[in-house]
Amino acid sequence: MTKTLPTTSRSLPIALIRAREGVMLPIRDMLSETGITEQQWRVLRVLSEFGQMDAKTLADRSSLLFPSLTRIAATLRDKGFVTQTRDDKDKRRQFIKITAAGQKIIDDRADRAAEIVKGFKATLGDEKYETLLDLLGMLDPGAQK
């Protein structure tokens, strides 16, 4: 029988999972005192960067499934970090916007988040860091549209 699979140490899916855990560890530490999850952080980051948007676009930009975003947005709304409004013309369409309290979560952690990025760049070097982001972008089905 011919061996067709790479070793697990050279498996892209396994390497990505391991790398994700290494990347997320300092982010989890940063978020530990906030009471928000990694997914909630992503939603707030996207809203902070792009402003109000419809839920479908927010789900896509946050790399979340739409049903997960619906639940996460409701939790963030209940915590006072986002507002949700319905489209006047299409009541099924919902817009989500970060509040001042949600922006404060981002602002209060911006320096720490920048330090985390600086640590990744120190490990990889600036050029490899940017190359890694470019290479990963090539595997993103949403970016290939």
Side-chain angles (χ1 to χ4, degrees), residues 6-145:
T7 65
T8 55
S9 65
R10 298 302 295 169
S11 165
L12 182 60
I14 292 173
L16 288 171
I17 290 167
R18 288 178 178 149
R20 181 187 190 284
E21 289 307 305
V23 167
M24 291 310 299
L25 187 62
I27 295 169
R28 285 186 196 116
D29 288 344
M30 177 185 69
L31 295 177
S32 65
E33 80 276 359
T34 66
I36 66 169
T37 66
E38 300 165 32
Q39 295 83 6
Q40 291 168 349
W41 172 257
R42 286 200 317 257
V43 168
L44 292 176
R45 284 270 290 116
V46 169
L47 290 171
S48 176
E49 182 174 347
F50 295 101
Q52 176 177 290
M53 66 184 64
D54 68 274
K56 168 125 180 45
T57 303
L58 180 56
D60 290 343
R61 288 189 178 174
S62 301
S63 298
L64 292 166
L65 297 174
F66 187 76
S68 296
L69 174 70
T70 301
R71 178 183 44 78
I72 290 165
T75 300
L76 289 171
R77 182 196 63 228
D78 292 346
K79 291 181 177 188
F81 297 146
V82 301
T83 59
Q84 294 175 284
T85 56
R86 296 272 177 208
D87 187 321
D88 291 336
K89 296 177 183 164
D90 181 354
K91 296 297 182 191
R92 295 170 298 174
R93 191 171 183 208
Q94 186 178 141
F95 291 97
I96 302 172
K97 182 178 179 180
I98 194 168
T99 64
Q103 187 62 53
K104 184 170 174 26
I105 292 281
I106 299 297
D107 293 345
D108 288 352
R109 281 145 196 88
D111 290 342
R112 178 68 186 118
E115 286 297 316
I116 292 168
V117 170
K118 189 176 177 182
F120 297 145
K121 287 183 176 183
T123 299
L124 295 171
D126 288 343
E127 188 174 328
K128 285 182 181 178
Y129 178 86
E130 293 300 326
T131 299
L132 177 60
L133 289 175
D134 292 342
L135 291 169
L136 291 172
M138 291 171 66
L139 296 175
D140 180 355
Q144 296 174 6
K145 291 180 183 177

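Note that CG of Asp134 and CG of Leu139 are 11.5 Å apart. Values are rounded to the nearest 0.5 Å. Rounding to the nearest 0.5 Å gives a distance of 6.5 Å between CD1 of Ile106 and CD1 of Ile36. We find the CZ-CG distance between Phe66 and Asp60 to be 10.0 Å, quoted to the nearest 0.5 Å.
Taking the side-chain contact (heavy atoms from CB on, under 4.5 Å) definition, one finds that Thr7 meets it with Lys3, Ser9, Arg10, sequence neighbours left out. Partners of Thr57 according to the side-chain hydrogen bond (donor to acceptor under 3.5 Å, both in side chains) rule, which considers only residues two or more places apart in sequence or in another chain, are Asp54. Scored by the salt bridge (Lys or Arg N to Asp or Glu O under 4.0 Å) test, Arg28 finds Glu21, Glu38 as partners (sequence neighbours excluded). Remark: Thr131 pairs with no residue by the side-chain hydrogen bond (donor to acceptor under 3.5 Å, both in side chains) rule, at least two apart or across chains. Evaluation of the side-chain hydrogen bond (donor to acceptor under 3.5 Å, both in side chains) rule for Gln40 yields no partner, not counting sequence neighbours. Gln84 pairs by the side-chain hydrogen bond (donor to acceptor under 3.5 Å, both in side chains) definition with Arg77, Gln94, not counting sequence neighbours. Remark: Ala101 engages Phe81, Thr99 in a side-chain contact (heavy atoms from CB on, under 4.5 Å) (not counting sequence neighbours). For Arg112, the side-chain contact (heavy atoms from CB on, under 4.5 Å) partners are Pro26, Met30, Glu115, Ile116, not counting sequence neighbours.
Taking a 6.0 Å sphere around CG of Asp111, one finds it holds 12 or fewer heavy atoms contributed by other residues, nucleotides or ligands.
Side-chain N or O atoms of Ser62 include none that pairs as donor or acceptor with a backbone N or O of Leu64 at under 3.5 Å. Looking only at distances, a side-chain donor or acceptor of Ser32 sits under 3.5 Å from a matching main-chain atom of Asp29.
Screening residues 95-110 for salt bridge (charged side-chain N to carboxylate O under 4.0 Å, His left out), with sequence neighbours left out, gives Glu33-Arg109, Lys104-Asp108. For residues 121-131, no pair satisfies salt bridge (charged side-chain N to carboxylate O under 4.0 Å, His left out), with sequence neighbours left out. Applying the side-chain hydrogen bond (donor to acceptor under 3.5 Å, both in side chains) test to residues at least two apart or on different chains, the pairs with a partner in residues 41-50 are Ser48-Gln103.
Counting all heavy atoms, side chain and backbone alike, Ala59 lies closest to Leu69 at N-CD2, 3.5 Å. Nearest heavy atoms, Leu47 versus Met53: CD2-CG, 4.2 Å. Between Pro6 and Ser11, the closest heavy-atom pair is CG-CA, 4.3 Å.
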Could you go through the side-chain contact (heavy atoms from CB on, under 4.5 Å) check for Leu76 and Ile96 one step at a time?
CA-CA 10 Å; Leu76 289 171; Ile96 302 172; over 6 Å; no

